[in-house]
Amino acid sequence: MFWGFCEALNLLKEYKKTLPESESVPETLNILLFGSGDPRHILATASQLFENPHIKINVYLVEGCIELIARHMLLISIAFEDSHLLSVKGKTHLYMDILGNNLLRPFSSTYLSSKAKELTGIITDSEYAQQQASIFNYDALKYKERDQLENVFHFWTNASDHVFNIARYWDDRMRTQLGVRYDHRQGAFDWDLQMRLRENGAKQICPQEYKHWRETGVAFTFPEYEQSDPNKTMAVGLIRNGNGFQHRGSVGDNLTGPFISFGQKCPDERLTLSKHGVNDFRSTDITERNVLQIMYEIQERQPYRFNLKDIHQFGSHQLDTGKNLNKHDARSCLPSAMRYDKPLVGHENLKIYFLSPEDVLRMQEQDRFANKFNVVFVASNYFELLKDSFNNTWDKGCLLCFETRQLTVFSKEEIKEQHEKIKTFAKYHALEAVTNFSINKKHSVLFYKHVSNKE
């Protein structure tokens, strides 16, 4: 729910691959992200836009709940913060912390609280939003949805009554999920990793990081950091109740983890080497390298040159992952820190349109989206929501990207069943396969092309 199950895609680059040599990319490219879970595709695409300054990218983002929209706004803001506020390395670790950790570093918690106040101003004042974050467009959100966003941001600020005991909720879910196996959970974790995730192709995930995440909900750890504060961006179903809040606690994925988006592949193949089944680099280390590149290229607008000293290498090490300190408490005293209220920078040819959660079902039949999109990404858990009328939204030559369940803990039978559903959907709509199915390869995304408009 809070992250995707395929690698981050540069959707402009993927679209270019489908074009005949005689055709060029249109000056404006409209992209629909149908339940992507996190902004990985947005950032991967934005990071190399400096190579195509003449192309305007419009991203239309639709999610099933308002809290995910709030998380998108926060995570995107990190990447586009002014360099005087955050360094590239600072953005990298902050992004990883908020994306995948139930418990945050004190610095991350402070940033979250400060940025929540800034995002409140952005969502409640259109003039201020244009000044501070012109990359965002939320005109499609209803006023009640903007009020809900404001409530979410208010809950993210550090206050004694904003309690979110995610450590307890995580453990309660694990006990219910495992039942009698809870006392032998380390063995259950190892089976899920070795017999499902690695067998399905997610080979970069190391046992120590996966088991630590299953136990605590903290995925990305480094020896120099301590996770201590609840990550309130993972609270879903938030309801304002007088002066307090009600929430459902910990929800979302607790089987696969946030290791897939940036932690499986990278341009430097030496980082994916292993000896006797032991990786030289953890999925966490690969994630650090890939997110670092994205943050660097967005900020500096030039190609990133990898330096091995920029990242950690702990694949073959047994780490002391640190203590989870005040995990049952709420931070009520805000540490002194800078205000993160400078305008977001580096997004002149990128615009992100936040659609209403209600558009998940209704947008497929609305005239305003007819023949609009050049690229469409559909998340695996949103595929069942597609209607036959979904093809009304595709422009001629549209690239469709269907996320599969390949890099998850689903069984091979369940993965194959979903593959077949996607292929049946594509055949019904006369889509042309871009993915080469003749290659014996495991696909986390299946690509198709719309070759003609519906008559």
Side-chain angles (χ1 to χ4, degrees), residues 3-19 25-26 29-49 55 57-64 68 72 200-202 260-262 264-265 290 294 350 352-353 355 359-360 363-364 369 371-387 390-408 410 415 418-437 439 441-451:
W3 42 75
F5 298 128
C6 72
E7 298 88 345
L9 300 172
N10 181 336
L11 294 174
L12 173 57
K13 183 178 180 180
E14 297 296 335
Y15 181 76
K16 283 183 175 181
K17 293 179 183 177
T18 68
L19 292 178
V25 179
L29 200 70
N30 294 318
I31 298 173
L32 171 64
L33 297 182
F34 197 65
S36 60
D38 64 47
R40 64 195 184 282
H41 305 313
I42 296 175
L43 299 184
T45 303
S47 66
Q48 296 183 359
L49 280 181
I55 299 176
I57 302 290
N58 295 321
V59 178
Y60 294 80
L61 181 68
V62 59
E63 294 285 0
L68 282 179
H72 275 282
N200 291 342
I260 307 301
S261 299
F262 302 100
Q264 296 307 302
K265 298 179 181 178
N290 287 335
I294 287 173
L350 176 67
I352 301 165
Y353 295 81
L355 304 182
D359 286 329
V360 169
M363 70 171 298
Q364 304 175 48
F369 295 115
N371 306 121
K372 186 172 186 66
F373 299 113
N374 308 103
V375 181
V376 173
F377 173 86
V378 180
S380 59
N381 59 334
Y382 278 62
F383 178 77
E384 300 295 336
L385 301 177
L386 299 185
K387 303 176 183 179
F390 193 49
N391 63 352
N392 293 329
T393 66
W394 311 336
D395 192 15
K396 182 178 180 180
C398 178
L399 172 66
L400 290 107
C401 317
F402 296 98
E403 182 184 60
T404 72
R405 294 173 174 172
Q406 183 65 58
L407 301 180
T408 68
F410 281 92
I415 294 170
Q418 197 218 18
H419 274 62
E420 293 304 319
K421 287 182 179 179
I422 294 174
K423 291 178 181 179
T424 300
F425 180 88
K427 184 177 181 180
Y428 177 80
H429 291 283
L431 299 177
E432 181 181 286
V434 176
T435 299
N436 188 347
F437 292 102
I439 297 178
K441 182 181 178 181
K442 297 176 179 178
H443 302 286
S444 62
V445 180
L446 300 183
F447 296 96
Y448 289 88
K449 186 174 182 180
H450 182 228
V451 292

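For reference, positions follow the sequence shown, starting with 1.
Among Phe377, Phe369, Phe402, Phe390, the single residue meeting the ring pair (Phe, Tyr, Trp, His ring centres under 6.0 Å) criterion with Phe34 is Phe390.
Judged by distance alone, with hydrogens and angles left aside, the side-chain atoms of Thr435 form no donor-acceptor pair with the main-chain N or O of Leu446 at under 3.5 Å. Remark: side-chain polar atoms of Asp395 are not paired, donor with acceptor, to backbone N or O of Asn374 under 3.5 angstrom. Within the 3.5 Å criterion, the main-chain N or O of Tyr353 finds no donor-acceptor partner in the side chain of Asn58. A donor-acceptor pair is defined here as one N or O able to donate and one able to accept, closer than 3.5 Å; no such pair exists between the side chain of Thr404 and the backbone of His419. Panel note: side chain Gln364, backbone Asn392; no donor-acceptor pair is recorded below 3.5 Å. With Gln406 contributing its side chain and Lys442 its backbone, the two residues share no donor-acceptor pair below 3.5 Å.
By the 4.5 Å heavy-atom criterion applied to side chains, Phe262 and Ile294 are counted as neighbours. In this structure the side chain of Leu33 reaches within 4.5 angstrom of the side chain of Leu11, judged on heavy atoms. Residues Cys401 and Glu14 have side chains not in contact (no heavy-atom distance under 4.5 Å, counting atoms from C-beta outward). Looking at Lys372 and Thr393, their side chains never come closer than 4.5 Å, going by heavy atoms from C-beta outward. Looking only at side-chain heavy atoms (C-beta outward), Leu350 and Val59 come within less than 4.5 Å of each other. Side-chain contact check for Tyr60 versus Asn30: some heavy-atom pair is nearer than 4.5 Å. Looking at Ser444 and Ile260, their side chains never come closer than 4.5 Å, going by heavy atoms from C-beta outward. Residues Leu12 and Gln48 form no side-chain contact, since every pair of their non-hydrogen atoms from C-beta on lies 4.5 Å or further apart.
The distance from atom CG of Leu407 to atom CD1 of Ile415, rounded to the nearest 0.5 Å, is 8.0 Å. In this structure, CZ in Arg405 is found 12.0 Å from CG in Asn200, a value given to the nearest 0.5 Å. Of the inter-residue distances, the one linking Leu400 atom CG with Phe447 atom CZ reads 11.0 Å to the nearest 0.5 angstrom. A distance of 13.0 Å separates OG1 of Thr18 from NE2 of His450, quoted to the nearest 0.5 Å.
Cation-pi geometry between Lys423 and Phe437 is satisfied (NZ or CZ under 6.0 Å from the ring centre, within 45° of the ring normal).
More than 12 heavy-atom neighbours from other residues, nucleotides or ligands sit within 6.0 angstrom of NZ on Lys387.
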Enumerate donor-acceptor pairs with a distance under 3.5 Å from any side-chain N or O in residues 424-433 to protein atoms, sequence neighbours excluded.
unit_1	atom_1	unit_2	atom_2	d
Thr424	OG1	Glu420	O	2.8
His429	ND1	Asn391	ND2	3.4

Give the C-alpha distance, both sets of side-chain angles, the deciding distance and a yes or no for side chain to side chain contact (heavy atoms under 4.5 Å, CB included) between Leu32 and Met363.
CA-CA 11 Å; Leu32 171 64; Met363 70 171 298; 3.8 Å; yes
Phe5 and Asn381: CA distance, side-chain angles, deciding distance, side chain to side chain contact (heavy atoms under 4.5 Å, CB included) verdict
CA-CA 10 Å; Phe5 298 128; Asn381 59 334; over 6 Å; no
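In terms of heavy-atom proximity, Lys421 sits nearest to Phe383 at O-CZ, 3.6 Å. The nearest pair of heavy atoms linking Glu63 to Ser36 is OE2-N, 3.4 Å. For the residue pair Ala379 and Gly35, the shortest heavy atom distance occurs at CB-O, 2.7 Å. Of all heavy-atom pairs spanning Val375 and Cys398, the tightest one is N-SG, 4.0 Å. Across Glu403 and Arg40, no two heavy atoms sit closer than the pair OE2-NH2, 3.0 Å. The two residues Phe410 and Thr408 make their nearest non-hydrogen contact at CD1-OG1, 3.0 Å.
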